[in-house]
**Student:** 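So that we are looking at the same thing, I have put the structure below in structure tokens.
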Amino acid sequence: MNEKVKRFVEGFLIDTFQRDLISWFEKEQRDLPWRKDTDPYKIWVSEVMLQQTRVETVIPYFHHFMEQFPTLEALADADEEKVLKAWEGLGYYSRIRNLHAAVKEVKERYGGKVPNRVEEFSKLKGVGPYTTGAVLSIAYGIPEPAVDGNVMRVLSRIFLVWDDITKAGTRKLFEGIVREIIDEENPSYFNQALMELGALICIPRNPACLLCPVQAHCRAFHEGVQGELPVKTKKTNVREMPIVAAVVQNECGKVLIHKRDSEGLLANLWEFPNCEVVHSRENPKTQLEIFLKEEYGVTVQLEQPFAALEHVFSHLIWNIVVYYGKIVSDIVETERLKLVDEHEISEYAFPVSHQRIWHEYKEKGTGG
DNA sequence: AATCCGTGGCC
DNA sequence: TGGCCAAGGAT
């Protein structure tokens, strides 16, 4: 065992801790839709949805997703547009592209059975160390650490770990600790219980230590420093980007939409035509008209703006001004540039800001 | 190692 | 109101 891990675990009452933690989980765990059974496919989908995403947000998506794609094969065979549409609004869209590719891989290479070995499962797209441990322990009872933000917070307090959890190497330290204290008989409940404790009791601010089932094991509580842990140094620096967009219709009332690039921000989602505004140049309206002519070969006539909105990402802010517009020229439709009827808009997956654009547009009328 | 990649809720 | 936060992974 790693020397550093050994120092943290020394003198820790592993058996008692496991009992206190798991018996609490058996009594207090929430009734969640992905806890009905241990179907590896369902566990996997839930874990991908839960990456950086709250339980309350995931629940309705999970229900809908399982109705549409009840089995791994159903998802593997599903149309890409429908899969993306089922993810609309969940964020981090590369997750679903990777999951779809990974599920196809499982169907082809493993006969549709989710592999139960670390070396195989962890190689699948979108599957990192956390997801590997979570799926293999919960679905197959394999004693692998599943170290997420909850677990790092809980363990940093219990073992008084002052290492910065925003550093890449710190997760490995916690994996080492978990390997020493995990319940080999019930790794599923052990891992879930650590996360559940982090979600219900050992929360970031004002943890409910007086209700904590493992209070007696917690070194931070013993020293009264639980509020100072975990240590996170990194601060978010967001930049702002002005965007000019337009809802453009032709004389038949069809709406111009564009599919974003397959990589990067909001990959493969649809959007209303837009571009970044460059300062010290023509006005935004003219910039977008030029952009659409040069990039899409479409001549449009933009009129007045009807909405201004903000789209806040984790690392970026779009300040969007939206214009009414009409198509002047002919248009060559492609895979990524389409004219669609208004009632077809709902079949395409848009980022939230563009959903709002459409909502505003319908509310204020198609005037121009 | 440092950045990029969504969204909504909270205090 | 705005910064922080949430069951991470890819590059």
Side-chain angles (χ1 to χ4, degrees), chain A residues 25 29-30 32-35 42-62 84 87-99 101-102 121-135 137-138 145-154 164-172 174-175 178 188 191-200 202-207 230 232-241 260-269 271 309-318 349-356:
Chain A
F25 180 71
Q29 65 168 297
R30 291 167 291 179
L32 299 175
W34 45 89
R35 287 180 174 162
K42 294 182 189 169
I43 302 297
W44 185 7
V45 170
S46 74
E47 289 301 342
V48 173
M49 285 186 170
L50 286 162
Q51 289 168 7
Q52 299 291 286
T53 311
R54 287 186 160 73
V55 165
E56 314 82 66
T57 304
V58 166
I59 289 174
Y61 281 90
F62 182 80
L84 187 59
W87 207 267
E88 183 187 44
L90 247 193
Y92 287 134
Y93 298 94
S94 67
R95 291 185 293 177
I96 187 55
R97 186 167 34 116
N98 287 333
L99 178 62
F121 185 70
S122 65
K123 280 182 185 152
L124 295 166
K125 285 189 180 174
V127 176
Y130 164 74
T131 305
T132 299
V135 172
S137 66
I138 296 171
V147 176
D148 67 343
N150 279 318
V151 171
M152 288 199 282
R153 182 174 58 257
V154 169
D164 181 359
I165 68 166
T166 65
K167 302 282 188 186
T170 305
R171 198 200 70 252
K172 291 180 180 296
F174 287 110
E175 285 175 352
V178 170
S188 167
N191 281 340
Q192 291 187 75
L194 275 184
M195 293 188 277
E196 194 79 343
L197 190 67
L200 299 181
C202 195
I203 53 182
R205 285 171 300 206
N206 300 320
K232 298 179 77 165
T233 59
K234 202 180 296 178
K235 44 193 149 194
T236 56
N237 262 335
V238 298
R239 69 179 193 278
E240 298 200 25
M241 182 183 290
R260 295 176 59 83
D261 192 83
S262 63
E263 292 180 356
L265 184 64
L266 303 168
N268 281 336
L269 269 68
E271 64 187 359
L309 52 109
E310 189 178 62
H311 189 161
V312 180
F313 302 89
S314 37
H315 59 299
L316 177 69
I317 298 176
W318 281 351
F350 288 86
V352 288
S353 54
H354 286 241
Q355 294 175 44
R356 291 195 191 112

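Quick note: numbers below take in every heavy atom, side chains included, and nothing from hydrogens, waters or symmetry partners. Below, read A as the first sequence line, B as the second, and so on, with proteins coming before strands; counting in each chain starts at 1.
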**Student:** Considering only the P atoms, how many Å lie between C:dG9 and B:dG8, rounded to the nearest integer?
**Tutor:**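 Here C:dG9 and B:dG8 have their P atoms 22 Å from each other.
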**Student:** Please check: side-chain N/O of A:Arg35 versus main-chain N/O of A:Gln29, any donor-acceptor pairing under 3.5 Å?
**Tutor:**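 Answer holds: no.
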**Student:** Considering only atom C1', compute the distance from B:dA1 to C:dA6 and round it to an integer number of Å.
**Tutor:**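 It comes out at 23 Å once rounded to the nearest Å.
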**Student:** Verify, without hydrogens or angle tests, whether A:Arg260 (side chain) and A:Glu271 (backbone) share a donor-acceptor contact under 3.5 angstrom.
**Tutor:**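 A pair under 3.5 Å: no.
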**Student:** Do A:Phe313 and A:Trp318 make the cut of ring centroids closer than 6.0 angstrom?
**Tutor:**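 A:Phe313 vs A:Trp318: aromatic centres under 6.0 Å.
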**Student:** Would A:Gln51 and A:Tyr130 count as having a side-chain donor-acceptor pair, cut-off 3.5 Å?
**Tutor:**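 On atom types as modelled, these side chains do not qualify, holding no pair under 3.5 Å.
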**Student:** For A:Asp164 and B:dA2, what is the distance between atoms CG and C1' respectively, to the nearest whole Å?
**Tutor:**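 It works out to 13 Å between those atoms.
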**Student:** Classify A:Leu32 by what it touches in the nucleic acid, base, sugar-phosphate, or nothing, heavy-atom distance under 4.0 Å.
**Tutor:**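 Base contact - A:Leu32 has a heavy atom under 4.0 Å of at least one base atom.
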**Student:** Provide, to the nearest angstrom, the distance between the NZ atom belonging to A:Lys232 and the C1' atom belonging to B:dA2.
**Tutor:**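 From A:Lys232 NZ to B:dA2 C1': 16 Å.
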**Student:** Please report the distance, rounded to the nearest Å, between CG in A:Asn206 and P in C:dC5.
**Tutor:**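 That distance rounds to 13 Å.
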**Student:** By the 4.0 Å heavy-atom rule, please label A:Trp87 as base, sugar-phosphate, or nothing.
**Tutor:**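 No contact at all - A:Trp87 keeps every heavy atom at 4.0 Å or more from the nucleic acid.
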**Student:** Give one of base, sugar-phosphate or nothing for A:Thr131, where a contact means two heavy atoms less than 4.0 Å apart.
**Tutor:**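 The answer is sugar-phosphate, as A:Thr131 gets under 4.0 Å only of primed atoms, P, OP1 or OP2.
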**Student:** Take nucleotides 5-11 of chain B nucleotide by nucleotide from the 5' end and write B, S or -, depending on whether a protein heavy atom sits under 4.0 Å from the base, only from the sugar-phosphate, or from neither.
**Tutor:** BBBB---
**Student:** Closer to the 5' end of DNA chain C via nearest nucleotide, is it A:Gly128 or A:Arg153?
**Tutor:**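 Nearer the 5' end of the strand: A:Arg153.
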**Student:** For a quick check of understanding: with a heavy-atom distance under 4.0 Å over all strands, which category does A:Ala168 fall into, base, sugar-phosphate or nothing?
**Tutor:**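 Since only primed, P, OP1 and OP2 atoms lie under 4.0 Å of A:Ala168, the category is sugar-phosphate.
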**Student:** Ignoring hydrogens and angles, tell me if any N or O in the side chain of A:Thr166 forms a donor-acceptor pair with the backbone of A:Lys232 under 3.5 Å.
**Tutor:**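 No, because the side chain of A:Thr166 does not come within donor-acceptor range (under 3.5 Å) of the backbone of A:Lys232.
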**Student:** For A:Ala168, does its backbone N or O pair with a side-chain atom of A:Thr170 as donor and acceptor, under 3.5 Å?
**Tutor:**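 No: the side chain of A:Thr170 does not pair with the backbone of A:Ala168.
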**Student:** If each of A:Leu124 and A:Gln192 is mapped to the nucleotide of DNA chain C with the nearest heavy atom, which maps nearer the 5' terminus, i.e. the 5' end?
**Tutor:**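 Counting from the 5' end, the first nearest nucleotide belongs to A:Gln192.
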**Student:** Can you name the residues that form a ring-ring contact (aromatic ring centres under 6.0 Å, His included) with A:Tyr61, not counting sequence neighbours?
**Tutor:**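 Testing A:Tyr61 for ring-ring contact (aromatic ring centres under 6.0 Å, His included), a comparison that skips the adjacent residues, returns none.
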